Amino acid sequence: MTQSKHEFPIPSFPAGKLLIDGQWRDAQDNQTIDVVNPATEQVYAQIAAGTKQDVDLAVQAAQTCFESKAWQRMRPLDRGRLLERLALLVEEHADELATLEAWDNGKPFAVARHVDVQFTMDALRYHAGWASKMTGEYITLSPFANDGGIYRAYTERRPVGVVAGITPWNFPLGQAVQKIAPAIAFGCTIVLKPSEETSMTALRLGELICEAGFPDGAVNIVTGYGDPVGSSLVDHPMVRKITFTGSTATGQRILAAASGQMKRVTLELGGKSPTVVLADADMEQAIPGAAMAIFANTGQLCTAGSRLIVEESVFDEVTTGVAEFANNLSIGHAFTPDVMLGPLISQRQLDKVSGMVSAGVDAGAQVLCGGGRAANSGYFYQPTVVTNVAPEAQLNREEIFGPVVIASKLKALDQLKAAANDTEYGLGASIWTSNINKAHLLADQIDAGTVWINTHNILDTAMPFGGMKMSGLGREFGSEAINAFTEPKAVCMRLDPNKI
Ligand code: NAD
């Protein structure tokens with residue numbers, strides 16, 4: 001564990017405020033939530049604890065903006081320009097935003113700068129281009145009404161209206177933009193509720209949104225707890241679509257609540273993704289690749305490769321290699337040079353990860369490396385490799401969301417389909433092999449929203465992203481984003497050939 005002080009001062013952000021209708025306001029009852037630095041366990045800031053009344057004001061502002069002539073008549077290219085201007089401002093403030101993210105989430109500054117902030121700029125620019133590319137179809141019909149008319153139809157894509165974006169704490173800035181950018185590109189307005197554990201970069205982004213000249217009410221940010229802020233957004237009759245990233249349990253609650261008003265819902269949920277290493281893999285790539293599939297972002301990744309499935313003949317080589325790699329990862333404070341892993345987000349998360357590993361060990365699991373806290377203060381946990389875990393054990397079935405990988409042997413390739421899919425989740429998977437033929441045929445067999453070959457955790461806004469089974473509903477990114485934020489509308493007409 002590398003020790004260092006937080007020498008980097010906290011950049012300013014609109015502490016304790018909500019962005020509603022272009023104005024920064026206090027929460028209705030002036031309550032706040034303490035913000036804890038996960039590396040030091042110190043409270044160092046406060047955010048506003050929004051209320052149902054704040055949600056009502058924010059949704060009303062978003063609806064008023066959505067219905068305004070200015071928004072309805074804004075040229076698609078000009079919605080794209082808003083996003084481009086925001087991308088430029090994010091670029092100008094990249095180090096500052098990364099510093100804020102490192103303070104808030106604990107992740108290494110270099111990761112915040114080169115992953116989170118880079119993704120944020122890329123997502124803004126990618127979606128800026130989509131704003132002017134919402135096309136429909138022109139269709140000649142074959143109607144059963146044999147009345148001499150000529151029937152034609154065209155379709156157009158209509159923005160769904162006010163969107164609620166609800167996000168978790170592992171990539172706070174990137175996830176905020178993952179919701180805001182497509183909503184704006186496709187002509188919706190949005191109320192964002194960031195995680196109560198990591199709201200600071202979303203709030204600073206809100207200031208940049210105002211500076212970029214977004215119309216008042218187009219983007220509103222209400223910080224606070226899942227209940228009441230998230231639940232009030234889900235229940236609000238003017239919210240037409242919910243785009244949620246978070247746990248499967250919360251996603252299920254949101255889906256049930258949204259059904260009463262038939263709201264559109266996109267759910268990006270949890271995972272228990274397999275990393276499959278075959279005997280013919282290039283081990284110089286596969287071993288570090290399998291290690292970072294799980295340990296990146298301290299395992300707090302929805303697509304983390306948390307089940308390592310290895311062909312029997314290379315099982316010892318791969319697991320020993322991953323454990324050695326883990327032992328050499330430098331864990332520490334965000335601003336320590338060369339640090340690779342930060343802490344878990346909270347005491348609750350540390351307790352959850354430690355508890356699951358301890359219970360597994362009590363049941364006979366063998367720990368190859370790690371298996372405990374990495375420091376006496378801060379929510380640091382050692383990168384951990386565990387073997388000898390029964391398929392039905394909790395460690396193999398539940399999402400841990402920490403730096404813990406469960407390794408198991410694959411005795412024969414024809415067992416791969418069953419082993420990889422032996423989970424209620426279906427978010428990601430990777431296959432490591434030198435045989436490209438095998439790679440593609442095996443990729444077909446895995447039920448996951450994304451299957452990587454000789455890589456893992458590559459996300460790109462040009463590639464559709466989402467989960468199968470309990471990992472979610474719908475897709476975001478790529479051309480799929482159009483479906484997530486718009487409704488197709490058909491306009492059907494009868495032309496009279498006698499009236500030419
Ligand atoms: P969480 O479900 O506890 O919280 C996510 C968000 O939902 C937070 O903003 C929270 O305040 C809000 N919320 C809580 N209760 C709510 C309710 N009743 N109604 C509306 N909103 C509510 O998840 P978390 O602990 O913040 O994040 C970790 C989880 O997120 C993991 O399961 C992880 O796999 C998942 N995740 C998924 C993806 C993906 O794209 N599939 C990406 C990142 C994280």
Side-chain angles (χ1 to χ4, degrees), residues 33 38 47 49-50 52 55 104-105 107 115-116 119 123 164-179 191-199 202 221-236 239 242-258 263 265-273 294 296-306 344-353 398-402 423-428 448-450 457 459 461 463-477 480 484:
I33 299 172
I47 55 165
K52 179 179 180 307
V55 168
D104 204 21
N105 170 283
K107 66 177 67 191
V115 179
D116 298 60
F119 172 86
I166 303 176
T167 53
W169 40 258
N170 55 342
F171 289 92
L173 180 65
Q175 283 151 339
V177 163
Q178 180 178 334
K179 308 305 184 196
V191 181
L192 176 79
K193 190 211 102 56
S195 166
E196 57 272 33
E197 312 212 64
T198 52
S199 293
I221 301 173
V222 182
T223 56
Y225 293 111
D227 186 15
V229 178
S231 51
S232 305
L233 276 171
V234 171
D235 290 340
H236 200 294
V239 169
I242 300 146
T243 164
F244 171 78
T245 301
S247 63
T248 295
T250 308
Q252 286 173 304
R253 240 175 283 151
I254 288 176
L255 189 59
K263 290 181 198 229
V265 179
T266 314
L267 301 173
E268 306 280 3
L269 309 177
K272 194 78 181 167
S273 301
I294 176 65
N297 217 41
T298 313
Q300 301 168 117
L301 258 170
C302 51
T303 48
S306 51
L344 294 165
I345 191 68
S346 60
Q347 182 70 50
R348 184 174 54 103
Q349 194 64 14
L350 178 63
D351 292 343
K352 178 186 159 195
V353 175
E398 288 180 22
E399 184 181 48
I400 303 173
F401 223 56
T423 168
E424 62 178 356
Y425 294 107
L427 192 57
T450 307
N457 287 332
L459 299 188
T461 34
M463 183 169 76
F465 181 71
M468 295 184 184
K469 303 192 303 193
M470 297 299 271
S471 288
L473 201 63
R475 295 290 182 275
E476 289 181 340
F477 300 167
E480 295 288 331

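Just so you know, these numbers come straight off a predicted model, no measurement behind them. Every number for a ligand or one of its atoms is a count from 1 in the order of the listing. Any value given below was found using the heavy atoms of this structure, including those in side chains, with hydrogens, waters and symmetry copies removed.
Between the side chain of K52 and the main chain of P228, no donor-acceptor pair closer than 3.5 Å is present. A distance-only check finds a donor-acceptor pair linking the side chain of K272 to the backbone of E398 [under 3.5 Å].
A donor atom on one side chain and an acceptor atom on the other are not found under 3.5 Å apart for D104 and T198.
Scanning for side-chain hydrogen bond (donor to acceptor under 3.5 Å, both in side chains) contacts around K469 gives an empty result, with sequence neighbours left out.
Heavy-atom proximity to C302, at under 4.0 Å, picks out these atoms of ligand 1: 34 (O), 36 (N), 37 (C), 38 (C), 39 (C), 40 (O), 41 (N), 42 (C), 43 (C), 44 (C). Taking every non-hydrogen atom of N170 and a distance limit under 4.0 Å, the qualifying atoms of ligand 1 come out as 43 (C), 44 (C).
The shell of residues lying under 4.0 angstrom from ligand 1, judged by heavy atoms, excludes G472. Not close to ligand 1: D227, with no non-hydrogen atom less than 4.0 angstrom away. Put simply, no part of F171 is less than 4.0 Å from ligand 1, judged by heavy atoms. Note on ligand 1: Q175 sits in its first shell, one or more heavy atoms being nearer than 4.0 Å. Heavy atoms of S231 come nearer than 4.0 angstrom to ligand 1 in at least one pair.
Counting heavy atoms closer than 4.0 Å to ligand 1, residue E197 contributes nothing at all. Only the side chain of L427 comes within 4.0 Å of ligand 1, judged by heavy-atom distances.
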Show me the donor-acceptor pairs, under 3.5 Å and distance only, between side chains in residues 165-174 and residues at least two apart or in other chains.
{"residue": "N170", "atom": "OD1", "partner": "Q175", "partner atom": "NE2", "Å": "2.8"}
{"residue": "N170", "atom": "ND2", "partner": "Q300", "partner atom": "O", "Å": "3.1"}

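Of the candidates G246, G428, G270, S273, the one placing a heavy atom closest to atom 35 (C) of ligand 1 is G246.
Checking atom 4 (O) of ligand 1 against the protein gives no heavy-atom contact under 4.0 Å.
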